[in-house]
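Please read all numbers here as calculations on a predicted model, not as lab measurements. To find a chain, count down the sequence lines: A is the first, B the second, and so on, and within it residues start at 1.
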Number of protein chains: 2
Amino acid sequence: MPQNKTIEPRPVMGKLSVLRKHPIFCDLDAEAFEQLGRYAKSATLKRGATIFSKGDPGNSLIAVVSGTVKISISSPDGRNAILNLIGPGEIFGEVAVLDGQARTADAIANSNCEIVVIDRREFLPFVKSQPALAMKFIELLCTRLRWTSGQVEEVILQDLPGRLASALLRLTERRKASQDSRTIAVTQQEISEMVGMSRESINKQLRAWASRNWVRLEHGAIVVLNAASLQEIAGSGAEDD
Amino acid sequence: MPQNKTIEPRPVMGKLSVLRKHPIFCDLDAEAFEQLGRYAKSATLKRGATIFSKGDPGNSLIAVVSGTVKISISSPDGRNAILNLIGPGEIFGEVAVLDGQARTADAIANSNCEIVVIDRREFLPFVKSQPALAMKFIELLCTRLRWTSGQVEEVILQDLPGRLASALLRLTERRKASQDSRTIAVTQQEISEMVGMSRESINKQLRAWASRNWVRLEHGAIVVLNAASLQEIAGSGAEDD
DNA sequence: CGGCGCGTGTGAAGCAGATCATACGGGTTG
DNA sequence: CAACCCGTATGATCTGCTTCACACGCGCCG
């Protein structure tokens with residue numbers, strides 16, 4: 001990794017390696033991938049920057065190089081819900097790109113971010129020219145659909161402890177690939193918006209678990225110590241404190 | 001439409017016309033469609049019959065010819081949630097067929113049904129041989145994803161009146177294609193499971209609206225009289241009775 | 001280094017919706 | 001036609017979660 005204080009020698013190349021590793025693109029042959037690279041533009045964002053908003057035309061597919069992006073929606077009365085957090089190496093915004101409809105949620109940089117943007121107009125013909133790629137997208141969409149269905153299930157059937165446990169487990173799962181598993185760098189406020197319950201309630205539940213050593217609370221982070229117990233609570237309408 | 005009391009002269013043919021009209025298959029050329037027809041088997045189900053259960057391997061894509069199918073999940077403690085109702089001319093079960101994973105929900109005949117079943121083993125190679133078909137499935141999956149995301153949004157951000165209004169509007173929307181719009185043939189119990197709230201609460205809200213002539217309640221059905229007002233309540237955290 | 005903003009921690013009070021109990025009509029089935 | 005089941009209707013109570021109100025520690029920045 002070269003420094004990025006100076007002007008980068010290979011502006012997009014380094015960032016494309018992230019794309020290269022993504023399940024969607026990893027099987028592309030070198031030539032096709034190079035073509036893809038020509039469509040890509042990179043950008044740097046400050047925390048809080050809006051990438052797109054609900055209702056915008058969906059003109060681009062975005063890949064996260066570093067940092068995390070928050071996919072969320074907000075209601076007129078100020079409440080808002082986090083649907084997903086997108087980390088390095090992941091992509092988002094594919095639905096609007098693929099079907100040409102408006103975006104269904106907001107995307108906001110949750111930390112300083114580097115992203116790679118691929119324009120729909122160039123990308124869509126590219127996908128059609130690569131049948132294998134279409135199948136990959138089908139798989140991606142299926143995965144998303146399973147995830148989202150799971151959320152509906154959770155929100156409708158489970159109570160606060162169940163939902164919170166599920167959310168924590170999902171977040172650790174996600175980070176499994178990276179180095180320090182079990183430590184989740186999110187604020188309680190963020191978790192409350194992911195789970196759809198008030199920050200205070202989340203805090204109380206977390207403290208209850210902390211006193212049992214199921215989790216440890218740090219400033220701006222949560223460490224899962226006893227995943228098994230959480231699993232049990234997440235799995236069913238189980239008994240709890 | 002011939003009678004179906006006697007043995008049908010063309011067992012699958014008549015039912016395939018339903019497939020033929022579906023957006024996914026309508027653009028297939030005659031030859032390909034005929035091939036598809038050879039993969040299809042039809043079946044008749046009694047109300048309450050299980051088509052598949054959560055966790056089953058996803059071996060088939062199903063199209064509904066007549067009747068409606070309920071896609072639902074249930075928690076160990078007896079509560080259950082209806083994720084979707086599939087009516088005549090619609091298909092379901094595509095996620096498990098496309099990605100080969102287990103089913104994420106149960107499918108149960110909500111009335112006596114005729115269905116057409118297409119086996120994954122034959123269907124998947126067929127899809128791969130028809131690039132246009134893959135794109136159609138991408139569109140279908142995108143639509144599903146938008147729908148499901150909308151559900152998450154609704155469940156997290158809206159209260160009972162909002163969710164109920166949204167559900168009613170969605171159901172009338174769905175029936176727009178068929179003859180008698182505005183009359184929704186569902187029990188209040190079913191609606192409560194779609195919305196994720198208790199039957200009693202649903203009933204009270206519906207009666208409140210009935211007294212304003214926004215809806216009319218019949219036995220096993222609800223008639224939407226004032227869609228505009230419901231739209232307003234569904235659209236935002238609006239005021240209400 | 002003192003202030004200010006953000007993330008956290010806690011209790012009191014209020015409320016939306018769940019649960020419980022009970023009743024009634026209509027349709028079907030022995 | 002009587003018994004029963006299902007769907008609807010409605011009030012009383014109960015409760016999980018929200019809201020509000022406030023306090024504390026930490027890190028950042030003028």
So salt bridge (charged side-chain N to carboxylate O under 4.0 Å, His left out) across residues 43-67 of chain A, not counting sequence neighbours, yields A:Lys54-B:Glu153
Applied to residues 163-172 of chain A, the salt bridge (charged side-chain N to carboxylate O under 4.0 Å, His left out) test, sequence neighbours excluded, yields A:Glu154-A:Arg170
Between [N] atom [atom2] and [X] atom [atom1], what is the distance in whole Å?
X        : N      : atom1 : atom2 : result
B:Ile191 : D:dA9  : CD1   : P     : 12 Å
B:Glu193 : C:dA18 : CD    : P     : 13 Å
A:Leu206 : C:dG9  : CG    : C1'   : 12 Å

All N/O pairs under 3.5 Å across the protein-nucleotides 11-18 of chain D interface:
{"from": "D:dC17", "atom 1": "OP1", "to": "A:Leu160", "atom 2": "N", "distance (Å)": "3.0"}
{"from": "D:dT18", "atom 1": "OP1", "to": "A:Ser198", "atom 2": "N", "distance (Å)": "2.9"}
{"from": "D:dT18", "atom 1": "OP2", "to": "A:Ser198", "atom 2": "N", "distance (Å)": "3.2"}
{"from": "D:dT18", "atom 1": "OP2", "to": "A:Ser198", "atom 2": "OG", "distance (Å)": "2.9"}
{"from": "D:dT18", "atom 1": "OP2", "to": "A:Ser201", "atom 2": "OG", "distance (Å)": "2.5"}

Original post:
Quick check: does any side chain N or O of A:Arg182 sit under 3.5 Å from a backbone N or O of A:Val224, one acting as donor and the other as acceptor?
Top reply: yes
Backbone N or O of A:Arg146 within a donor-acceptor pair of the A:Ser149 side chain at under 3.5 Å? no
Look for any protein N or O under 3.5 Å of an N or O in nucleotides 28-30 of chain C and output each such pair with its distance, or none.
none

Sequence neighbours excluded, the answer for side chain to side chain contact (heavy atoms under 4.5 Å, CB included) partners of A:Val152 is A:Ile156, B:Leu83, B:Thr148, B:Gln151, B:Val152
Side chain to side chain contact (heavy atoms under 4.5 Å, CB included) filter on A:Thr143, not counting sequence neighbours, yields none
- Would one find a side-chain N or O of B:Asn203 under 4.0 angstrom from OP1 or OP2 of D:dT8? no
- prompt: According to a strict under-4.0 Å criterion, is B:Gln205 in side-chain N/O contact with OP1 or OP2 of C:dA16?
  reply: no
*Any side-chain donor-acceptor pair under 3.5 Å between A:Ser72 and A:Glu193?*
no
Review point. Should the pair B:Glu190-B:Lys70 be classified as a salt bridge under the 4.0 Å nitrogen-to-oxygen rule?
Key: no
Out of D:dG7, C:dT10, D:dA9, minimum distance to the side chain of A:Arg207 belongs to C:dT10
